[in-house]
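I have placed the structure first, in the form of structure tokens, so that the comments after it can refer back to it.
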Amino acid sequence: NYYILSPAGSIDSDTYQILEKKLGEALSRQAKAVMLDMAGVAYVSSIGITVIFKAKQALEERGGKLVLARLQPNIKKVFDALKAIPGSIFMTTEEAEASLLTVLGDGLRKKN
């Protein structure tokens, strides 16, 4: 199964725990994949990037994948510069979903 999370606003020292909790819930439910639809996110601090990167690592350890979709240009530049999530950033949710299905198979069930 896979999950789509749609954070909004800023992911920073005041709010990172919300995303961390949601990602933790998906991981505890044995998610094979997570899509972060980032269209509503205006800012991501270093702690937000750390939360995303840790979730990516946890998913990869179980053979899963994390993808990001619809990043604002300023946030995409940060992830591109860090090269923290290569090949996992997509312009649309449809492209991100197709990537998950290609890697993990058609048997995935989406959960929001």
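The first residue of the sequence shown is numbered 1, and numbering continues consecutively from there.
Connection of Ile18 to Val34 is not established within any shared hydrophobic cluster, with ILVMFWY side chains joined at heavy-atom distances below 4.5 Å, either directly or through further cluster members.
Counting only heavy atoms from C-beta outward, the side chains of Lys22 and Pro7 never approach each other to under 4.5 Å. Proximity of Val44 to Val78: side-chain heavy atoms (C-beta onward) are nowhere separated by under 4.5 Å. Side chains of Glu25 and Tyr3 form no contact here, defined as non-hydrogen atoms less than 4.5 Å apart.
Of the candidates Leu71, Ile4, Leu19, Leu36 forms a side-chain contact (heavy atoms from CB on, under 4.5 Å) with just one, namely Leu19.
For the atom pair CG (Leu27) and CG (Leu59), the distance works out to 5.0 Å, reported to the nearest 0.5 Å. Rounding to the nearest 0.5 angstrom, the gap separating the OH atom in Tyr2 from the CG atom in Leu101 is 5.5 Å. To the nearest 0.5 Å, the span separating CD on Glu97 from CG on Leu100 amounts to 7.5 Å. Between Phe79 atom CZ and Ile89 atom CD1 the span is 6.5 Å, to the nearest 0.5 Å. Taking CD1 from Ile11 and CD from Gln17, the interatomic distance works out to 13.0 Å, rounded to the nearest 0.5 Å. For the atom pair Ile52 CD1 and Lys54 NZ, the distance stands at 12.5 Å (nearest 0.5 Å).
The two atoms that bring Ala31 and Arg62 nearest to each other are O-NH1, 3.0 Å, heavy atoms only. Contact between Ala55 and Leu23 at its shortest, heavy atoms only, is CB-CD1, 3.8 Å. The two residues Ile75 and Tyr43 make their nearest non-hydrogen contact at CD1-N, 3.7 Å. Of all the heavy atoms in Ala96 and Ala69, the pair that sits closest is CB-CB, 4.0 Å.
Applying the side chain to side chain donor-acceptor pair (under 3.5 Å) definition to pairs two or more places apart or across chains, those involving residues 66-78 are Asp37-Arg70, Lys76-Asp80. Pairs passing the salt bridge (Lys or Arg N to Asp or Glu O under 4.0 Å) check and including a residue from residues 38-53, sequence neighbours excluded, do not occur.
Under the salt bridge (charged side-chain N to carboxylate O under 4.0 Å, His left out) criterion, Glu60 pairs with Lys56, sequence neighbours left out.
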